Amino acid sequence: MSNSKIKIVNPYTKHKRKLPDGTEKEKPPSNKEIRRDIGNATGNSDTNTNTNTNNFPKNTGSSNINVSAQAAALCISASDKAGMEGIDREKIATIILKESGNSAYIQQQRRRDEKVNERVRHLQQRLQEASPRDYRVTDELDDTLRGYQQRQANRATCVVVDMDMFYMACELLSRPHLNDKPACVGREMILTSNYVARRYGVRSAMAGLIGRKLVEQLSDGREKLIQVPSNFKLYKEKSKIVNEVIREYDPHNMKAYSLDEVYLDIGPYLAVEEVVFRLRQHVKKATGGLTCSAGIARTHTIAKIASDANKPNGQLVVDPVSTLEFVRALPVRKIPGVGRVTEKLLQQVCNIHTGLELYEKRGLVQFLFQPATAEFLLKSSVGCSGEGSSFASFGTEQEESSDHQKGISRERSFSPESDWALLNIKLEEISRMLSEDMKRKSVMGHTVTVKVKLANFDVLNRA
DNA sequence: ATACATACC
DNA sequence: GACTGGTATGTAT
């Protein structure tokens with residue numbers, strides 16, 4: 001069986017208002033409606049799970065042959081993280097698929113994948129029916145792209161500092177003996193893994209069970225994945241130390257993006273490279289041995305990509321002159337904002353794999369994708385994304401620094417539950433958490449939505 | 001305005 | 001032995 005999940009979302013009003021008491025009153029009135037919705041939802045879930053489990057075994061029982069083909073199709077995120085070069089991806093994908101079996105989760109993945117395939121087919125069809133002049137490169141388009149490039153020419157220098165396997169590294173400080181064994185943080189769900197474990201294909205967002213199977217099978221039973229429970233108190237402490245050190249280098253624009261990632265926007269230093277090198281040594285010393293990697297470039301996006309290039313414990317400068325060259329060589333998946341789906345669309349519909357191809361087929365991209373997506377991709381192709389695009393845009397000149405959060409939410413997973421009374425308790429718990437968050441941040445909202453995840457991983461939303 | 005999709009760590 | 005998270009944002013309808 002699986003889980004069921006409830007979530008409450010509450011988009012902010014346009015203007016943040018400080019109303020210490022009014023904030024909390026938003027939610028309780030809506031609880032009644034929420035209850036009704038859950039009632040309907042669980043009613044559906046029964047029939048759904050039944051039909052699914054009835055249908056499924058038939059399909060898989062007979063088909064063992066094309067397991068690896070299926071694995072490839074499901075694109076069980078291959079090796080594009082640091083430390084995963086040159087591993088046997090096919091073997092790993094096969095094990096993952098086999099061990100995932102018919103779990104509700106994997107069935108859900110299949111459904112989602114089928115929808116993506118549908119989109120691929122749809123776009124391919126549109127391409128078939130179009131004539132080349134529909135997607136030719138217009139002068140207008142090239143003017144726009146040149147405009148982007150000129151606009152970024154005199155930006156300050158962006159630095160992205162990214163801690164190396166952060167949670168794991170924190171744990172390794174007190175457990176150095178785990179350094180050369182396959183180890184990870186997290187039990188049911190793996191949060192980070194060390195570099196030994198990554199060579200077995202064990203990575204973040206993977207189910208613990210799968211990680212254990214991978215290590216066991218790929219080492220012929222000689223090794224066992226060591227799982228350390230997560231300790232967020234420790235990570236937060238270390239993160240605070242890191243932030244304090246880094247803040248000294250850029251008190252004004254320094255921004256912590258997550259516990260293990262910091263963005264800087266420093267003046268046009270002459271010796272950035274050395275400064276960042278010192279910064280990294282400084283971080284290592286202050287944290288008792290945690291290493292980080294850094295990227296230095298004209299935009300946050302490029303800096304972020306660059307920070308990944310020499311991981312772990314390395315850095316890379318991409319100066320304005322080499323930016324284009326850098327982007328052209330880049331697999332599109334490396335661009336923040338291009339995930340599994342966009343990558344697949346680009347590859348299978350447009351035959352685009354790299355930044356260079358993205359640029360060369362810019363006419364096609366403009367024709368096939370939604371305006372916003374197209375703009376984002378095209379900006380990326382000339383190394384200029386990060387201004388009001390889908391990727392979180394930090395303090396870009398004109399765009400009202402967009403630290404305007406648009407929503408706030410809390411969600412929790414728990415084992416399937418059909419007792420309404422218990423569901424209500426859960427719901428109230430979540431509401432309370434959210435309510436406290438909102439009080440703390442002094443914000444109000446105008447729309448409340450509830451999300452329910454059923455045992456078969458279907459998701460329902462109600463506003 | 002709402003349901004669903006995509007991406008990130 | 002089973003076992004797949006949490007938060008934010010964008011887009012289509």
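A, B, ... follow the sequence lines: proteins, then strands. Residue 1 opens every chain. Worth saying up front: this structure is predicted, and the values here are computed from it rather than measured.
- Comparing dC3(C), dC9(B), dG5(C) by their closest approach to the side chain of Lys453(A) singles out dG5(C).
- When each of Val459(A) and Tyr167(A) is assigned the nucleotide of DNA chain B bearing its nearest heavy atom, the one mapping closer to the 5' terminus is Val459(A).
- More than 12 heavy atoms of other residues, nucleotides or ligands lie within 6.0 Å of CD in Glu114(A), so this atom counts as buried by the packing criterion.
- Geometrically, Lys238(A) does not engage Phe166(A) in a cation-pi contact defined by less than 6.0 Å to the ring centre and at most 45° from the axis.
- Under the 3.5 Å distance criterion, with hydrogens and angles disregarded, no donor-acceptor pair is assigned to the side chains of Asn313(A) and Ser293(A).
- Separating the CG atom of Asp458(A) from the P atom of dA5(B) is a distance of 10 Å, rounded to the nearest angstrom.
- Nearest nucleotide to the side chain of Gln405(A), out of dC3(C), dA8(C), dA3(B): dA8(C).
- The nearest whole Å value for the distance from the CG atom in Leu259(A) to the P atom in dC9(B) is 13 Å.
- Among the nucleotides dC9(B), dG5(C), dC3(C), the one closest to the side chain of Ser413(A) is dG5(C).
- Shown here is Gln125(A), whose CD atom has no more than 12 heavy atoms of other residues, nucleotides or ligands within 6.0 Å.
- Glu411(A) has its CD atom 10 Å from the P atom of dG5(C), to the nearest Å.
- Phosphate proximity of dC9(B) to Lys304(A): present, with a side-chain N or O under 4.0 Å from OP1 or OP2.
- Here the side chain of Tyr105(A) is nearest to one of dT4(C), dA7(B), dT11(C), namely dT4(C).
- Note: CZ (Arg462(A)) to P (dC4(B)) measures 7 Å, nearest angstrom.
- For Ser100(A) and dT4(C), a side-chain-to-base donor-acceptor distance below 3.5 Å is present, hydrogens and geometry of angles not being considered.
- Going from atom CG of Leu377(A) over to atom P of dG10(C) covers 15 Å, rounded to whole Å.
- Distances shown here put a side-chain N or O of Thr342(A) below 4.0 Å from the OP1 or OP2 atom of dA7(B).
- Of the candidate nucleotides dC9(B), dT7(C), dA8(C), dA8(C) has the atom nearest to the side chain of Ile408(A).
- In this structure, Lys379(A) is positioned above the aromatic face of Tyr148(A), its NZ or CZ under 6.0 Å from the six-membered ring centre and within 45° of the axis.
- OP1 and OP2 of dT7(C) both lie 4.0 Å or more from every side-chain N or O belonging to Lys451(A).
- Contact check, Thr447(A) against dA1(B): no side-chain N or O comes under 4.0 Å of OP1 or OP2.
- Between Gln108(A) and dT4(C), a side-chain N or O to OP1/OP2 separation shorter than 4.0 Å is absent.
- One finds no side-chain N or O of Gln370(A) lying less than 4.0 angstrom from the OP1 or OP2 phosphate oxygen of dG10(C).
- The cationic atom of Arg362(A) (NZ for Lys, CZ for Arg) does not lie both less than 6.0 Å from the six-membered ring centre of Phe367(A) and within 45° of the ring axis.
- One interatomic measurement links the two molecules: CD of Glu99(A) to P of dG1(C), which rounds to 13 Å at whole-angstrom precision.
- For the atom pair Ser193(A) OG and Leu225(A) CG, the distance stands at 8.5 Å (nearest 0.5 Å).
- The side chain of Thr373(A) lies closest to dT11(C), out of dT11(C), dC4(B), dA7(B).
- Residue Arg410(A) has a polar side-chain atom (N or O) positioned under 4.0 Å from OP1 or OP2 of dT7(C).
- Place Ser258(A) and Leu345(A) on DNA chain B by their nearest nucleotides, and Leu345(A) ends up nearer the 5' end.
- Going from the C1' atom of dC9(B) to that of dT4(C) covers 15 Å, rounded to whole Å.
- Protein atom CD of Gln109(A) is 13 Å distant from nucleotide atom C1' of dA5(B), rounded to whole Å.
- The distance between atom CD1 of Ile210(A) and atom P of dG1(C), rounded to the nearest whole Å, is 16 Å.
- Side-chain proximity of Arg212(A) to dT2(B), dT7(C), dA2(C): nearest is dA2(C).
- Taking side-chain N and O atoms only, Ser409(A) has a distance below 4.0 Å to OP1 or OP2 of dA8(C).
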